[in-house]
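Here is the structure we will look at.
Note: hydrogens, waters and symmetry copies are ignored here, and every other heavy atom, side chains too, is used. Just follow the structure's listing: the first ligand is 1, and inside any ligand the first atom is 1. Here the structure is a predicted model, which means the values were calculated and not measured.
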Amino acid sequence: MRRMIAVFALLFPCISFANTGELPLTPANNDLRDRASLQAGAKTFVNYCMGCHSAEYSRYQRVADDLGIPEEVLKKNLMFAGDKVGETMSIAMSKKDGQRWFGVIPPDLSVISRARGVDWLYTYLTSFYLDSSRPWGVNNLMFKDVGMPHVLWEQQGWQKPVFEKVTDAEGHSHEVLKGVALVDEKDAKKAADYRQTVRNLVNFLEYVGEPAKTVRQDLGWKVILFLAIFFVFAYALKKEYWADIPH
Ligand code: HEC
């Protein structure tokens, strides 16, 4: 029995605990079935992220087909001039340049949603804050000393860090980073729209991480339904077989 439990524990899909810090994650609440959201996310991704990040495992054509984007719109709004629809979402920046410009190579984002989880991504993209000690002038609650600039700052408005004073067991007090707040309260409306933009973007990144996820889920329900119906017949058959056997 114990061995069986151990085997089950091993087989069980690993639940990712990507958040190693103590700061809580904000739920992304994205919806993979919301096509308009996925399309908006694709647009943001191509226009704001693909300057540095690729999605090498995705092809433009597949994305357009899955998300219902017409070919003219795909060519006009989502693709760089010269790319062909059947190509993967690769970028022009070489790894060497990435290393030279940013000190780290901006990673391919094809499976980032699976590595980090959507809530982490959502929280990451909404928690850049001003930090003049950093090369890009920003830091991030989820990714200390991040090498990425806050590329969407114009859509969100700047945020500042919020510290809290805590006193340790020895009576020393420290400032601890607790969260972020808008520098200018007038940006509140903009920041709310930005959260929706990020929700769409994270939705798209989740789709890219597993394009057939909704198909898989739908199939799962069909399989369960089939098994339920099959069970009725199998049970009836079993009763029939055993009917004449004394027991
Ligand atoms: C100007 C270049 C640049 C742009 C544009 C950019 N990034 Fe980045 N990004 C980076 C770099 C560099 C890193 C690596 C940071 C590090 O390791 O310190 C990074 C890291 C990340 C990470 C963390 C990856 C990890 O290791 O977990 C995510 C997620 C991410 N970027 C998402 C995005 C998204 C989404 C966009 C579009 C809104 C975007 N980036 C736009 C340069 C960029």
At a 4.0 Å threshold, what atoms of ligand 1 neighbour a non-hydrogen atom of [X]?
{"X": "Y48", "answer": "5 (C), 37 (C), 41 (C)"}
{"X": "V151", "answer": "4 (C), 5 (C), 38 (C), 41 (C)"}
{"X": "L201", "answer": "35 (C), 38 (C)"}

Donor on one side chain, acceptor on other, H150 and Q159, under 3.5 Å: no
field: Polar contact flag for R116 and ligand 1 (N/O pairs, less than 3.5 Å)
entry: yes
Which residue holds the protein heavy atom closest to [atom], what is that atom called, and what is the gap in Å?
{"atom": "atom 3 (C) of ligand 1", "answer": "C52 SG, 2.7 Å"}
{"atom": "atom 32 (C) of ligand 1", "answer": "L109 CD1, 3.6 Å"}
{"atom": "atom 29 (C) of ligand 1", "answer": "L121 CD2, 3.4 Å"}
{"atom": "atom 13 (C) of ligand 1", "answer": "M148 CB, 3.9 Å"}
{"atom": "atom 14 (C) of ligand 1", "answer": "V104 CG2, 3.6 Å"}
{"atom": "atom 18 (O) of ligand 1", "answer": "G147 N, 2.7 Å"}
{"atom": "atom 36 (C) of ligand 1", "answer": "C49 SG, 2.7 Å"}
{"atom": "atom 28 (C) of ligand 1", "answer": "Y124 CE2, 3.4 Å"}

message: With a 4.0 Å cut-off on N to O distance, would you call D193 and K190 a salt bridge?
response: no
message: Check this for me, if you would: do D65 and R59 make a salt bridge, where the nitrogen-to-carboxylate-oxygen distance has to be below 4.0 angstrom?
response: no
query: Strictly under 2.8 Å, is any N, O or S atom of H53 next to atom 8 (Fe) of ligand 1?
result: yes
Looking only at heavy atoms, is any part of [X] under 4.0 Å from ligand 1, and if so is it the side chain, the backbone, or both, or is it neither?
{"X": "I105", "value": "neither"}
{"X": "L152", "value": "side chain"}
{"X": "F143", "value": "side chain"}
{"X": "P107", "value": "side chain"}

For the residue pair [X] and [Y], establish whether any side-chain heavy-atom pair is separated by less than 4.5 Å.
{"X": "M89", "Y": "S54", "value": "no"}
{"X": "F45", "Y": "L201", "value": "yes"}
{"X": "Q196", "Y": "R199", "value": "yes"}
{"X": "F143", "Y": "Y124", "value": "yes"}
{"X": "F204", "Y": "T44", "value": "no"}

- prompt: CD/E206 to CZ/R114 distance, rounded to the nearest 0.5 angstrom?
  reply: 10.0 Å
- prompt: How long is the gap from OH on Y207 to CG on N203, to the nearest 0.5 Å?
  reply: 11.5 Å
query: Does even one non-hydrogen atom of G51 get within less than 4.0 Å of ligand 1?
result: no
- prompt: Do V180 and V166 belong to the same hydrophobic cluster, where Ile, Leu, Val, Met, Phe, Trp and Tyr are linked whenever their side-chain heavy atoms lie under 4.5 Å apart, directly or via other members?
  reply: no
